[in-house]
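These notes concern the structure reproduced below.
The model shown is predicted, which means the values in this text are computed figures rather than measured ones. Each chain gets a letter, A, B and so on, in the order its sequence line appears, and its residues count up from 1.
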2 protein chains.
Amino acid sequence: MKSILKKLITNGILSPHEISSIQIKETKINKGTILQRAGEPGGRAFYVKEGLVRAYTIDEKGKEHIFMFASEGWMVSDFEWRENAPALLFVDCIEDSLLEIIEQNDIIKLNRLFETKQVPNQINQLMNRIRVLQKRIILLMSADTLTRYEDFIETYPDIVQRVPQRMIASYLGVTPEALSKIKSKMLKKH
Amino acid sequence: MKSILKKLITNGILSPHEISSIQIKETKINKGTILQRAGEPGGRAFYVKEGLVRAYTIDEKGKEHIFMFASEGWMVSDFEWRENAPALLFVDCIEDSLLEIIEQNDIIKLNRLFETKQVPNQINQLMNRIRVLQKRIILLMSADTLTRYEDFIETYPDIVQRVPQRMIASYLGVTPEALSKIKSKMLKKH
DNA sequence: CAGCTGCATTAATCTAGATTAAGAATTCTA
DNA sequence: TAGAATTCTTAATCTAGATTAATGCAGCTG
């Protein structure tokens, strides 16, 4: 029995019978192997039993931004589990590793099982929040203030109207002066 | 029936009887009212039914860093729910608001109920991850590279040993050159 | 062993955004 | 409605960290 699934069964959420339809491969992976590429569909989840794995993005300039390291006992996933959704993160092995790999369709199957158990709201809400935080970290590490501001306007158009500029600046991680400068730059470019 | 609890019952996780011991206040709050102060124990959860709320930190220089805005339908909490844990975030109202406020001891009670239902692992793991991401965002917004590096060493001492410098730089959101400079600065101060 | 490739360090510039300061516009509030 | 208090903007500096570039070190590999 593989450890992630064992936990679920122990939780009493799923019975061994329900689990049996889901396959989890335990695989040895060599250092340097790329497990997942951003932009490609079929994002998976990786549970690290041994070794060290990293998840990262690559920006337009080709620069890598590491979102997380995962060593023994950690789980890596970008939680992009809608069908055919492109992965957000690259994942590769920093050390030779022993991983449990959960394929996307199995994750979707798992989610469906959860739904029949009526557990989903809690878990899906939390995963949603994780996705939001994940995106924010990536933007803070890789994007300049203008890009982050444009993204904010697009993501929270209603909040922009209801909040003073200085608070938006404070959310973006810059001074009000910097945001003001950027806004006038945007107007000039109209 | 208040909406958050209604969701839980609808989920079939808790019965109306189990819910009955938990009190949730629905409260009108005036613009500007501070709901929670960082450092003080008894962090609560706030569900926004109407209005607009923000969660933020204040750094040593007195500068505010907004972690999130929450409008209708959003939940605000820093997920610091160990008994007597000091809150990490300030929370206040940007607009007159109608909130459901869940007190810390009720959250702890809720968690205990979840445990008896054996749902906890999933949810607690996800909340843990949220706490980690939250801390990272706050540090990215408010702390300089040296501080973030020191925090990384403290939080992941094992990873430091197993990963090349350039990857730590990439995780911190700076160039390898900047991290190298900081390290030599640390040595000079010994 | 020599040559190649990736990593770390140092140093010289450069720049996005911080800081400081001051004026104009807007919104409380008495 | 006047005065006070915020907020926004603009402009002049300043600085942390980016960029560029050069050097020294491993580790591999043929």
Side-chain angles (χ1 to χ4, degrees), chain A residues 30-34 52 54 56 58-66 69 92-96 139-153 159-190, chain B residues 30-34 52 54 56 58-66 69 92-96 139-153 159-190:
Chain A
N30 287 332
K31 176 175 173 170
T33 306
I34 295 179
L52 185 55
R54 65 173 177 154
Y56 58 101
I58 301 183
D59 67 22
E60 333 77 55
K61 292 174 195 157
K63 198 167 161 187
E64 291 173 3
H65 302 275
I66 296 182
F69 298 106
D92 68 18
C93 283
I94 297 177
E95 301 174 355
D96 292 345
L139 281 177
L140 279 170
M141 290 202 301
S142 63
D144 60 17
T145 306
L146 174 59
T147 309
R148 298 210 302 283
Y149 181 53
E150 286 170 340
D151 179 82
F152 182 82
I153 291 171
I159 303 286
V160 179
Q161 311 306 327
R162 293 162 71 179
V163 150
Q165 284 314 329
R166 50 172 46 251
M167 286 196 188
I168 295 176
S170 169
Y171 178 93
L172 295 175
V174 297
T175 58
E177 291 85 355
L179 182 54
S180 180
K181 209 191 285 181
I182 274 154
K183 279 183 67 186
S184 74
K185 209 189 293 174
M186 284 171 84
L187 285 174
K188 272 168 209 157
K189 277 199 268 180
H190 67 93
Chain B
N30 287 332
K31 178 175 173 170
T33 307
I34 295 180
L52 185 55
R54 66 172 177 155
Y56 57 101
I58 301 183
D59 66 21
E60 333 77 55
K61 293 171 195 157
K63 198 167 160 188
E64 290 174 4
H65 302 274
I66 296 183
F69 297 107
D92 68 19
C93 283
I94 297 177
E95 300 174 354
D96 290 345
L139 281 176
L140 279 170
M141 291 201 302
S142 64
D144 62 16
T145 306
L146 173 59
T147 310
R148 298 210 301 285
Y149 181 54
E150 287 170 339
D151 179 82
F152 182 83
I153 291 171
I159 302 286
V160 180
Q161 311 305 327
R162 291 162 73 178
V163 149
Q165 284 314 327
R166 50 172 46 248
M167 287 196 187
I168 295 176
S170 169
Y171 178 94
L172 296 176
V174 297
T175 58
E177 291 84 355
L179 182 54
S180 181
K181 208 190 286 181
I182 275 155
K183 279 183 67 187
S184 73
K185 210 188 292 173
M186 285 171 81
L187 285 174
K188 273 168 208 154
K189 276 198 268 176
H190 71 91

Rounded distance (Å) that lies between atom C1' of C:dA16 and atom CG of A:L140: 15 Å
For a quick test of reading the model: is some side-chain N or O of B:K63 closer than 4.0 Å to OP1 or OP2 of C:dT19? yes
NA contact type, B:G32, heavy-atom cut-off 4.0 Å: base, sugar-phosphate, or nothing? nothing
Could you check how far CD of A:Q165 sits from C1' of D:dT9, rounded to whole Å? 11 Å
Do A:R148 side-chain atoms and A:L140 backbone N/O form a donor-acceptor pair below 3.5 Å? no
Quick check: on DNA chain D, is the nucleotide nearest A:A178 upstream (toward 5') of the one nearest A:K61, or the reverse? Name the residue that is more 5'. A:A178
Which of the following nucleotides, D:dT19, C:dA18, D:dT9, is nearest to the side chain of B:E177? D:dT19
Nucleotide nearest B:P164 when distance is taken to its side chain, options C:dT19, C:dG17, C:dC7: C:dC7
Between A:T145 and C:dG17, does any side-chain N or O lie under 4.0 Å from OP1 or OP2? yes
Does A:K63 form a side-chain contact (heavy atoms from CB on, under 4.5 Å) with B:T175? I'd like the steps, not just the answer. CA-CA 10 Å; A:K63 198 167 161 187; B:T175 58; 3.8 Å; yes
Think A:T175 has a side-chain N or O under 4.0 angstrom from the OP1 or OP2 of C:dA18? yes
In whole angstrom, give the distance that lies between atom NZ of A:K31 and atom C1' of D:dG27. 10 Å
From D:dT10, C:dT10, D:dG17, pick the nucleotide closest to the side chain of B:K181? D:dG17
In whole Å, I'd like the distance from the NZ atom of B:K185 to the P atom of D:dT15. 13 Å
Rounded off to whole Å, could you give me the CG-to-P distance for the B:L179 and D:dT19 pair? 15 Å
Of all the nucleotides listed (D:dC8, C:dT10, C:dG17), which has the minimum atom distance to the side chain of A:D144? C:dG17
Return the value, rounded to whole Å, for the distance between atom CE of A:M167 and atom C1' of D:dC8. 14 Å
Is the ring pair A:F152/A:Y171 parallel, tilted or perpendicular, if the boundaries are 30 and 60 degrees? tilted
What's the CD-P distance between A:E64 and C:dG6, to the nearest Å? 12 Å
When you compare the side chain of B:E64 with that of A:R166, does any pair of heavy atoms fall below 4.5 Å? no
Distance in angstrom units between B:L172 CG and D:dG17 P, rounded: 11 Å
Is B:D92 reaching over with its side chain to a backbone N or O of B:G32, donor-acceptor style, under 3.5 angstrom? no
